[in-house]
Number of protein chains: 2
Amino acid sequence: MIKPRSRRGGGRPTLSDVARKAGVGAITVSRALRDPARVSEELRRQIQAAVDELGYVPDPNARALASARAEVFGVLVPSLTNNVFAEVVRGIYDSLSDSPFRIQLGNTHYSGLEEERLLQLFGSQRPAALIVAGIDQTPTSRKLLENAGCPVVQVMETGPDPVDMMVGFSHLDGGRTATEHLIEAGYRRIGFIGARMDPRSQRRLAGYRVAMEKAGLSDPRLITTTPVLSSVPLGRELFRDALAKMPTLDGVFCNNDDIALGVLFECHRASIDVPKTIGIVGFNDLDMMQVAFPSITSIRTHRYEIGRRAVAMALAAISGDRPRERVVDLGFELKRRESTAR
Amino acid sequence: MIKPRSRRGGGRPTLSDVARKAGVGAITVSRALRDPARVSEELRRQIQAAVDELGYVPDPNARALASARAEVFGVLVPSLTNNVFAEVVRGIYDSLSDSPFRIQLGNTHYSGLEEERLLQLFGSQRPAALIVAGIDQTPTSRKLLENAGCPVVQVMETGPDPVDMMVGFSHLDGGRTATEHLIEAGYRRIGFIGARMDPRSQRRLAGYRVAMEKAGLSDPRLITTTPVLSSVPLGRELFRDALAKMPTLDGVFCNNDDIALGVLFECHRASIDVPKTIGIVGFNDLDMMQVAFPSITSIRTHRYEIGRRAVAMALAAISGDRPRERVVDLGFELKRRESTAR
DNA sequence: GGGAAAAATGGTAGCGCTACCATGACGTTG
DNA sequence: CAACGTCATGGTAGCGCTACCATTTTTCCC
């Protein structure tokens with residue numbers, strides 16, 4: 001006996017149900033949905049009516065299988081809770097919410113191996129585009145990206161050798177700018193405090209080094225780092241370590257704002273005057289920096305905008321007109337605040 | 001003329017390529033990959049060798065189409081940047097990273113309409129499970145969840161009427177506990193400050209009201225709320241409003257830790273002594289609360305654990321043994337700190 | 001008004017995989 | 001030893017959609 005409807009599908013309406021109801025061929029329905037311009041006004045109306053009546057929703061899996069291309073953006077970030085990446089991801093989501101594209105988000109946990117695994121997995125879906133954080137992919141990852149057969153955008157940083165496209169800014173310049181600001185403000189024994197020393201943090205540290213050397217102020221004992229994940233409590237710990245090591249410290253450039261906040265709190269606790277005794281500079285400029293007391297100088301980065309821009313570039317590439325600029329530097333901004341106003 | 005290989009597929013190896021190479025039927029390869037126990041040791045080895053040699057990766061789209069079931073968890077949260085949801089999402093990702101399941105993450109922006117749209121979209125993929133934040137779905141959303149044909153876990157809150165399963169805690173109890181703590185600590189003119197008054201915030205406020213009424217302390221002028229998205233700067237603003245409205249304020253229960261931090265900073269700025277003049281309680285207990293100066297009393301919630309538990313329950317339901325407890329209350333913990341130590 | 005191009009529509013044949021059933025090779029049992 | 005399971009494997013027929021090509025209809029131009 002022949003069942004009236006597919007045994008597997010669970011009875012949801014399919015494209016040919018719509019076609020039958022609208023009295024047209026299945027292919028026409030497909031076209032009406034994907035490229036309405038190629039179907040006459042009248043049929044389009046009929047089809048729309050049938051779609052509405054049946055509550056038809058296209059099956060993205062079938063679509064992906066038939067067209068060998070999934071309407072999916074693969075997005076790879078090293079952390080989901082770090083506000084910096086959360087903002088980038090939010091920018092990506094907001095830019096894609098009105099498009100037919102779904103998002104496949106992966107968390108690499110700052111691990112190259114994990115990144116390779118996820119890239120492999122994402123690749124098997126033939127995504128429409130890939131957005132990955134950072135520019136320091138392993139050789140394997142890089143090869144996977146090159147062979148992905150879709151636009152690739154590396155975000156957060158700029159560098160000389162994009163797989164395809166890049167949006168970000170120079171962390172080295174950011175680190176140097178922050179440090180130079182402290183120097184100009186009159187600080188001399190300026191420490192660097194950094195957690196989770198990923199490649200971006202390393203480059204901020206490199207920027208710090210450049211500035212300190214140029215000013216003839218460098219001293220390796222001024223640098224305090226740890227591979228541990230960054231947090232406000234950790235910022236406090238590291239600052240105490242730094243002070244113990246170097247009691248004459250009169251300024252700190254912090255790897256990020258969490259650390260800076262931890263430093264600020266410890267200063268309060270230990271009755272160290274900010275900015276008189278110690279100057280503090282953060283990185284990223286979370287919105288709390290401007291309300292902190294004293295407000296904290298920081299390097300404002302354009303995370304949300306990076307996400308939006310990455311999507312815009314990928315979308316352009318998908319629709320055929322690759323942007324002329326393959327590498328976009330969105331820069332950063334030094335926000336001078338009370339914590340360095342000596 | 002017949003092309004040697006599929007015109008569309010881009011030349012990636014398929015299941016039948018593996019089958020040919022291993023000298024077995026396609027179906028056997030499929031089984032060897034999905035349910036190795038049903039294939040003999042020897043064939044399994046041969047097949048594995050062929051898979052490795054060809055670099056075969058199964059196509060999830062084809063798999064989903066053929067089996068009418070995608071190996072995808074749909075996850076819906078109202079915000080990507082709010083640390084609370086980021087933690088839940090992290091828990092979900094971590095629990096699923098070793099499973100074959102992918103994650104489809106949607107951002108509802110606290111909008112019921114957006115939630116419906118995303119649920120519709122996610123449903124079209126026939127996900128293996130759905131995890132949604134909150135228990136206040138619109139009737140349409142609720143129906144979509146009920147008809148999703150897969151396990152559904154509502155997270156962040158517990159309530160009387162689960163669609164399927166729930167993991168969370170009582171925000172009302174949390175709000176009441178926080179407020180009672182302030183009362184016990186000797187505060188009397190206790191304000192409530194809340195931003196982004198979503199249903200969970202409303203219930204915390206309800207808990208505050210219960211406690212204040214029971215103590216005979218309630219006064220509507222003590223309550224300051226706004227629908228605006230929560231942030232540290234906003235916390236500062238709201239606190240100033242609250243103080244202007246009610247200068248005799250001697251304590252505040254804040255909707256969340258961002259607000260609490262804003263309040264603390266404003267107290268510093270205005271030289272208001274915490275906890276002597278004003279007591280502060282936050283909600284969620286972000287890790288910075290314990291290092292803040294003074295450290296801030298807060299209601300610790302188990303966000304990461306909620307994510308993990310939700311996945312565990314969904315996974316159990318998928319594999320057939322639904323947990324006995326359909327509603328899991330993970331509770332919360334009052335962390336007493338300096339900000340209320342009068 | 002005839003011919004050609006363009007536009008609109010449809011049919012067929014898969015995409016890569018799995019559900020379902022069939023087959024054959026083994027025990028196992030009364 | 002016939003009858004019957006059980007296990008390992010394979011063949012066939014789709015899943016719901018789109019690429020590709022064929023067909024029909026319309027439009028345009030000299």
Side-chain angles (χ1 to χ4, degrees), chain A residues 1-20 22-47 51 54 56-71 100 123-126 128, chain B residues 1-20 22-47 51 54 56-71 100 123-126 128:
Chain A
M1 187 163 57
I2 294 158
K3 286 239 199 89
R5 179 63 70 72
S6 78
R7 51 209 160 110
R8 307 190 197 157
R12 296 184 344 132
T14 71
L15 194 121
S16 45
D17 293 331
V18 176
R20 206 170 312 124
V24 300
I27 233 24
T28 308
V29 176
S30 172
R31 269 197 288 261
L33 294 172
R34 285 179 306 143
D35 191 2
R38 290 164 47 94
V39 176
S40 71
E41 174 86 31
E42 199 194 322
L43 283 194
R44 233 184 300 159
R45 250 201 313 278
Q46 284 177 41
I47 290 169
V51 165
L54 292 173
Y56 170 73
V57 183
D59 181 329
N61 296 119
R63 191 171 262 189
L65 181 59
S67 63
R69 183 53 71 204
E71 293 191 312
S124 71
Q125 292 182 74
R126 309 159 180 291
Chain B
M1 186 162 57
I2 292 156
K3 288 239 198 86
R5 178 61 72 71
S6 78
R7 53 211 158 109
R8 310 185 196 161
R12 296 185 342 134
T14 71
L15 195 130
S16 45
D17 293 332
V18 176
R20 207 170 311 123
V24 300
I27 231 38
T28 307
V29 176
S30 172
R31 269 197 288 261
L33 295 172
R34 284 178 308 142
D35 191 3
R38 288 163 48 94
V39 175
S40 69
E41 175 85 31
E42 199 194 324
L43 284 194
R44 233 183 300 159
R45 249 202 314 276
Q46 283 177 44
I47 290 169
V51 165
L54 293 172
Y56 169 74
V57 183
D59 181 329
N61 296 119
R63 191 171 261 191
L65 181 59
S67 64
R69 184 53 72 204
E71 292 191 312
S124 71
Q125 292 183 72
R126 309 160 181 290

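Within every chain, numbering begins at 1; the chains are lettered A, B, ... in the order of the sequence lines, protein sequences first and strands thereafter. Side-chain atoms are counted along with the backbone in the values below, which use heavy atoms only and exclude waters and symmetry mates.
For I27(A), the listed nucleotide lying nearest its side chain is dC20(D); candidates were dC20(D), dC17(D), dC17(C). Of the candidates dG16(D), dT9(D), dC17(C), the closest approach to any side-chain atom of R126(B) belongs to dG16(D).
An OP1 or OP2 oxygen of dT18(D) is reached within less than 4.0 angstrom by a side-chain nitrogen or oxygen of S30(A). Of the side-chain N and O atoms in T28(A), one or more sit less than 4.0 angstrom from OP1 or OP2 of dG10(C).
Near-neighbour residues of DNA chain C inside residues 31-47 of chain B, defined by a heavy atom below 4.0 Å, number-ordered: R34(B).
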### Query
Would L65(B) and N61(B) satisfy side chain to side chain contact (heavy atoms under 4.5 Å, CB included), going step by step from the backbone distance to the final call?
CA-CA 6 Å; L65(B) 181 59; N61(B) 296 119; over 6 Å; no
### Task
Could you go through the side chain to side chain contact (heavy atoms under 4.5 Å, CB included) check for V18(A) and T14(A) one step at a time?
CA-CA 7 Å; V18(A) 176; T14(A) 71; over 6 Å; no
### Message
Quick one, S30(B) with L15(B), criterion side chain to side chain contact (heavy atoms under 4.5 Å, CB included). Give me CA distance, side-chain angles, the key distance, then yes/no.
### Response
CA-CA 7 Å; S30(B) 172; L15(B) 195 130; 4.1 Å; yes
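Rounded to whole Å, atom P of dC15(D) lies 18 Å from atom CG of D59(B). Spacing between atom CG of L15(B) and atom C1' of dT18(C) amounts to 9 Å, rounded to whole angstrom units. Between the CG atom of L65(B) and the C1' atom of dC15(D) there is a distance of 4 Å, rounded to whole Å. Protein atom CZ of R63(B) is 9 Å distant from nucleotide atom C1' of dT18(C), rounded to whole Å.
The backbone N or O of V39(B) lies less than 3.5 Å from a partner atom in the side chain of R44(B), making a donor-acceptor pair. Of the possible polar contacts, one joining the S67(B) side chain to the R63(B) backbone as a donor-acceptor pair under 3.5 Å is found. Side chain of R69(B) to backbone of R126(B): a donor-acceptor contact under 3.5 angstrom is found.
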